[in-house]
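See below for the structure under consideration.
Residue indices begin at 1 and follow the sequence shown. Ligands are counted one by one from 1 in listed order, and the atoms in each one are counted from 1 as well. Hydrogens, waters and symmetry mates play no part in the numbers below; they use all other heavy atoms, side chains included.
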Amino acid sequence: MKTAVIAHRGYWKKEGSTQNSLSSLRNAADLGVYGSEFDVHLTSDNVPVIHHDPDIAGFAIQKTAYAELKNLVLENGEKIPSLDAYLTAAKELPIRLILEIKPHATPERNREAVRIIIDAVKRHGVTERIDYITFNIDAGKEVSRLQPDRSVAYLGGEYTPAQLKEIGFNGIDFNSGVMEANPGYFEEAKKLGMTVNIWTVNGEENMKRFALAGADFLTSDTPAACRF
Ligand code: MG
């Protein structure tokens with residue numbers, strides 16, 4: 001398989017955009033890359049919203065009701081997108097969606113986040129266009145239980161590919177340093193039928209190096225730097 005590029009938090013380096021915004025998603029689609037990655041938290045009243053950091057403008061997203069967050073603006077003046085707004089925009093765009101489920105406070109809350117997110121994805125009719133990623137084991141298990149045909153990759157490097165396969169993941173999505181320290185993971189993952197995604201790989205030289213090493217996907221802040 002040819003290496004595919006994923007814009008990390010969208011293609012936000014384009015002027016006027018910012019991370020995890022609707023414009024960063026549209027920019028990634030305009031660029032013609034394989035996918036756009038984004039981060040999802042549940043608010044205290046169970047509305048999935050898109051943001052990287054756990055807080056925005058002094059509000060802890062997971063402890064705040066959506067009504068208090070919905071008019072807050074990102075650095076470029078766009079409002080913080082809800083998952084509904086994001087998927088509504090994405091529906092019209094020719095790009096895959098790499099959905100990161102952020103860790104929540106308890107195992108049950110992590111599973112609940114997955115159920116609410118998958119419901120939204122189904123409602124928008126984009127099930128086939130989503131690849132899931134997470135640092136949370138409970139969230140990953142819940143994705144594989146509810147959507148066994150979907151791709152779900154683990155972001156932390158503290159388990160081996162074989163251990164993650166056993167848990168229910170079908171991909172690894174490791175930091176570039178983890179892959180450099182464990183070059184055998186490329187082969188191990190391939191033998192297990194798992195995909196290999198690497199974050200965050202920036203600049204043409206690094207992107208080419210990891211593509212040659214056998215990455216299926218590269219998640220990058222410089223998605224325009226390299227075409228494969
Ligand atoms: Mg992310």
Which atom pair, heavy atoms only, marks the closest approach of Asn202 to Asn206?
-> O-ND2, 3.2 Å
State whether the side chain of Asn170 and the backbone N or O of Val152 hold a donor-acceptor pair below 3.5 Å, judged by distance alone.
-> yes
Ignoring hydrogens and angles, state whether a donor on the side chain of Asn136 or Arg111 is under 3.5 Å from an acceptor on the partner side chain.
-> no
Parallel, tilted or perpendicular for Tyr154 and Phe135, by the 30°/60° rule?
-> perpendicular
What protein N/O/S atoms lie closer than 2.8 Å to the Mg ion (ligand 1)?
-> Glu37 OE2, Asp39 OD1, Glu100 OE1
Could you tell me whether the side chain of Asn20 reaches within less than 4.5 Å of the side chain of Leu74, counting heavy atoms only?
-> no
In terms of side-chain geometry, is the basic nitrogen of Asp221 or Arg9 positioned less than 4.0 Å from the acidic oxygen of its partner?
-> no
